[in-house]
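A short write-up of the structure that comes next.
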Amino acid sequence: MTTRKFFVTSVLLVMMSLVGCSDKEKETVRRRGTFAMDTYMELTAYGDNAEAALTAAEERIHELEDKFSVNIENSDIWRVNHSGGESVFVGEDTQKLVETALELGRETNGTLDITLYPVTAAWGFTTENYRIPSDEELNRLLEGVGWQNVSAGGGQIIVPDGAMIDLGAVAKGYTSDELMEEFRENGVESAIVSLGGNVHALGRKPDGSCWRVAVRNPFAPEADMCSVEIEDCAVVTSGSYERCFTGDDGISYCHIIDPETGRPVRNGLVSVTVIGKSGVRCDGLSTALFVMGAEKALDFWRKNEGFELILVNDEREILYTDGLSESFANLSDMTAEVVSRA
């Protein structure tokens, strides 16, 4: 699995979980850390069954990594990418996630495209051996790019010979959704996870208050830019500043690739945060809307329900959608403007 978004640390979980909690709640908080999907993950759960829930959640994380990884030999995705264009039977999770990613590709008119892996690799973002591919190389690689060319159904996936898929833009979101289910099945009603930047909360904090999640400042990543209060929500950020390199031409190139050009996106956005109930949808949209640019991203939001946005541009301006009006707090010296659906 490529590291396209696995090193994103734009969202910082602000843990004030024990403030105002009863002694009983303090006794039943459990935390677990694990490394998977190329990032460090932190899981926190409350209640008598918290320890068992965390064990089940950690096992689920590694189970999904073994299915979704581009690099683990004989994973579902590895087998698909090495099939020579033949049909490959995959597990239920892989089937569901690929179908979801293809639907997001259709919905976003291809700004989310899981067939970009060879292009991303050519720029060195999968290995950190950064380079600027020639126009000829990019044009050749782009011939194999196109989410429409992937077939998924009946437990099988077909990718054209020479093409490769990567679920890095949606895998952590799917995983966080699955972790919420693991917690529920184990009787946990209050939990929160941070999967290398993707934050997802179950319910509220044990004291009944909302979770407060801070988004990092893209111009000073050691500081918080803003915060939002959430319950039963995911918060996912894509940022151009997290993984980039400066070429010999003096230009900075980010890891978010435009599927149309095969080149890193440069449209004035530096950070896109998506907040909603579905972790996988937030994950995929954070990349797709970044590629669209601010105007088209806001137009997409106006036409689609179920999520809110925080956009930051290179003019140091924050735009946040009106569904966040009561929970948004600006913690920076940047200007912040609320955007309405009207």
Side-chain angles (χ1 to χ4, degrees), residues 1-11 35-40 65 68-73 75 77-78 81-82 110-147 162-172 195-198 216-222 236-273 283-284 286-293 312-314:
M1 186 176 301
T2 182
T3 58
R4 169 146 43 147
K5 288 191 355 184
F6 286 159
F7 285 119
V8 174
T9 55
S10 305
V11 182
F35 190 87
M37 300 181 178
D38 294 326
T39 195
Y40 184 72
E65 179 181 34
F68 300 156
S69 174
V70 169
N71 301 315
I72 295 176
E73 191 168 343
S75 74
I77 299 305
W78 188 94
N81 287 341
H82 293 80
T111 54
L112 181 76
D113 194 321
I114 61 173
T115 66
L116 263 178
Y117 180 75
V119 178
T120 303
W123 285 90
F125 289 113
T126 63
T127 61
E128 297 187 8
N129 295 319
Y130 303 120
R131 54 187 287 270
I132 302 175
S134 66
D135 290 341
E136 293 76 14
E137 181 180 4
L138 287 178
N139 289 335
R140 176 178 56 81
L141 292 173
L142 284 172
E143 291 178 359
V145 171
W147 61 271
M164 301 179 78
I165 63 173
D166 165 36
L167 302 179
V170 288
K172 285 193 298 179
L195 310 185
N198 290 41
R216 287 283 178 88
N217 187 331
F219 302 102
E222 71 283 355
V236 183
T237 299
S238 285
S240 63
Y241 56 92
E242 283 291 344
R243 195 149 40 90
C244 57
F245 72 94
T246 301
D248 294 336
D249 54 7
I251 297 175
S252 178
Y253 296 91
C254 78
H255 68 287
I256 303 174
I257 304 293
D258 185 336
E260 185 173 343
T261 66
R263 295 183 172 277
V265 174
R266 300 184 69 190
N267 58 19
L269 284 178
V270 295
S271 177
V272 172
T273 299
D283 207 7
S286 70
T287 295
L289 299 184
F290 195 110
V291 174
M292 288 184 193
V312 185
N313 63 33
D314 55 13

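By the side-chain hydrogen bond (donor to acceptor under 3.5 Å, both in side chains) test, N313 is found to be paired with E317, residues two or more places apart in sequence or in another chain being considered. Among residues two or more places apart in sequence or in another chain, the salt bridge (charged side-chain N to carboxylate O under 4.0 Å, His left out) test is passed with E137 by R131. Among residues two or more places apart in sequence or in another chain, the salt bridge (charged side-chain N to carboxylate O under 4.0 Å, His left out) test is passed with D249 by none. Legend: residues meeting salt bridge (charged side-chain N to carboxylate O under 4.0 Å, His left out) with R266, ordered by chain and number and at least two apart, are absent. Every residue was checked against the salt bridge (charged side-chain N to carboxylate O under 4.0 Å, His left out) condition with R140, not counting sequence neighbours, and none meets it. For T246, the side chain to side chain contact (heavy atoms under 4.5 Å, CB included) partners two or more places apart in sequence, or in a different chain, are S252.
Contact detail for L112 and G284: the closest heavy-atom pair is CD1-O, 3.8 Å. G262 and V119 get closest at one heavy-atom pair: O-CG1, 3.4 Å. Pairing each heavy atom of L269 with each of V272, the nearest pair is CD1-CG2, 3.8 Å. Residue T237 comes nearest to S271 through the heavy atom pair CG2-OG, 3.6 Å, listed as atom of the first residue, atom of the second, then distance.
Between D166 and L116, the closest side-chain pair of non-hydrogen atoms is not below 4.5 Å. Annotation: side chain of V265 is not in contact with side chain of S240 (no heavy-atom distance under 4.5 Å). With a 4.5 Å cut-off on side-chain heavy atoms, K172 and D38 do not count as touching. In this structure the side chain of I256 never reaches within 4.5 angstrom of the side chain of F125, judged on heavy atoms. In this structure, I165 and I77 have side chains that are in contact, with non-hydrogen atoms separated by less than 4.5 Å. Here the side chains of P264 and D258 are not in contact, with every heavy-atom distance at 4.5 Å or above. Contact annotation: the side chain of M292 approaches that of L289 to within less than 4.5 Å [non-hydrogen atoms, C-beta and beyond]. Annotation: side chain of V312 is in contact with side chain of F219 (closest heavy-atom distance under 4.5 Å).
Considering CH2 of W123 and NE2 of H255, their distance stands at 14.0 Å, rounded to 0.5 Å. The distance from the CG atom of L141 to the CE atom of M164 is 11.5 Å, given to the nearest 0.5 Å. Rounding to the nearest 0.5 Å gives a distance of 13.0 Å between CD1 of I251 and SG of C244. Of the inter-residue distances, the one linking T111 atom OG1 with F290 atom CZ reads 12.0 Å to the nearest 0.5 angstrom.
With hydrogens and angles ignored, the 3.5 Å screen pairs a side-chain donor or acceptor of D113 with a backbone N or O of W147. With hydrogens and angles disregarded, a donor-acceptor distance shorter than 3.5 Å links the side chain of S286 to the backbone of D283. In this structure a side-chain-to-backbone donor-acceptor pair under 3.5 Å is present from S75 to S69.
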